[in-house]
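Since the structure comes first, as structure tokens, the remarks are kept for the end.
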Amino acid sequence: MARALALAARGIGWTNPNPMVGCIVVRQDIILGEGWHQQAGGPHAEVNAYASCGDAETSGATIYVTLEPCTHEGRTPPCVDLLLQRQPSRVVVAMRDPNPQVSGGGIERLREAGIRVDVGVLETEARRLNEVFIHYVTTGLPWVTAKCAMTLDGKIATRTGHSKWVTGEAARLLTHRMRHAHDAILVGSRTVMLDNPSLTTRIPGEEGRHPVRIILDAGEYLSGDQAVFAADRQGPTWVVTSDNKTRPFADETLFLPSGPGGVDLCALMRELGARGITSLLIEGGGATLAAAFEAKIVDKVCFFCAPKIIGG
Ligand code: AOF
Ligand code: ZN
């Protein structure tokens, strides 16, 4: 199962809104095939695992799969049908599928067919890997990660408000991996004005996915001259506001009710969930992070601590 989880993790950033899933086919203690879900809309892990077995005899095999096999006809046919056809003698599942369309039905159908099913192997690890999927499929709201960097003396920015010089290379690489893994990224307009970040994903030697950039602009501070609005920008940039003025330089302006410190962030989460955004990375600055904690929308905190002293 540990191997199946490692395979599943290769799909990070590419499977949303679907889960990351890995699967292994084992017979007489030999791994005959393995696969993972590589992209939303593409074949499920079970299909890829069986495909990689080639001509090997697979009946009576043991299947290790990180998520309960599906029973529904979505963009691909139900995996349970594939399993019933290939006749494994045992299926080991890390966790039940929290998707209400599946939710236990896959396990039940395999057991009804006389196949032994064991559920709960490395379940904690499997749930951690798919924390975004579990949250989104059960609530319809994006999973929210708050990311922040501070110095030893507790500063998240210099005296002039600049925050891009806090951490070094290693943290920067992790940040780009986090951007790749999230559907959208949120910052306040002050951060955009002061740091002028591009908020894209740049991982050396690897292809990455760019998150939708969402800028909170409660006070008409943005002019459209910033990097996130550049004509050759990668992926869309949305501006969120509680006034009623369209920002012509953005791909979209989202109008929302006002809340403490600016826009009503709970209403924003409902809107983003409805638009299919399953995860949101908040990169600051201080006011935006404070408002997010105040609105209780944060699910996970990633704090980088840099061995520096800014002073002042
Ligand atoms: C995946 N990959 O390996 C497994 C999934 O739209 P579909 O047909 O791809 O179905 C997506 C649902 O299938 C997903 O929400 C989850 O409940 C179930 N299992 N999904 O994308 C997989 N095993
Ligand atoms: Zn499936």
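Counting starts at 1 for both ligands and their atoms, in listed order.
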- Item | Pairs involving residues 61-75, ordered by first then second residue, that meet side-chain hydrogen bond (donor to acceptor under 3.5 Å, both in side chains) (sequence neighbours left out) | none

- Counting only protein N, O or S atoms and ignoring waters, those under 2.8 Å from the Zn ion (ligand 2) are His44 ND1, Cys70 SG, Cys79 SG

- Task: Measure from NZ or CZ of Arg275 to the centre of the six-membered ring of Trp238 and say whether it is under 6.0 Å with the direction within 45° of the ring axis.
- Result: yes

- Which residue pairs pass the side-chain hydrogen bond (donor to acceptor under 3.5 Å, both in side chains) test when at least one of the two sits in residues 295-312, sequence neighbours left out? Glu131-Lys300

- Item | Residue shell around ligand 1, heavy atom under 4.0 angstrom | Asn18, Pro19, Val21, His37, His44, Ala45, Glu46, Leu67, Cys70, His72, Gly74, Arg75, Thr76, Asp97, Asn99, Val102, Phe133

- Does the ring centre of His37 sit less than 6.0 Å away from the ring centre of Trp14? no

- Item | Qualifying residue, where the test is side-chain contact (heavy atoms from CB on, under 4.5 Å) with Ile214 and the options are Leu280, Ile185, Val187 | Leu280

- Task: Return the minimal non-hydrogen interatomic distance between Gly224 and Phe249, and the atom names on each side.
- Result: CA-CG, 3.4 Å

- For Gln101 and Ser103, run side chain to side chain donor-acceptor pair (under 3.5 Å): C-alpha distance rounded to whole Å, both residues' side-chain angles, the deciding distance at 0.1 Å, then the answer. CA-CA 6 Å; Gln101 283 183 287; Ser103 187; over 6 Å; no

- Task: Could you please spell out the steps behind the salt bridge (charged side-chain N to carboxylate O under 4.0 Å, His left out) verdict for Arg128 and Glu123?
- Result: CA-CA 8 Å; Arg128 168 62 66 93; Glu123 177 161 357; over 6 Å; no

- Would Arg247 and Asp251 satisfy salt bridge (charged side-chain N to carboxylate O under 4.0 Å, His left out), going step by step from the backbone distance to the final call? CA-CA 8 Å; Arg247 311 299 197 267; Asp251 294 283; over 6 Å; no

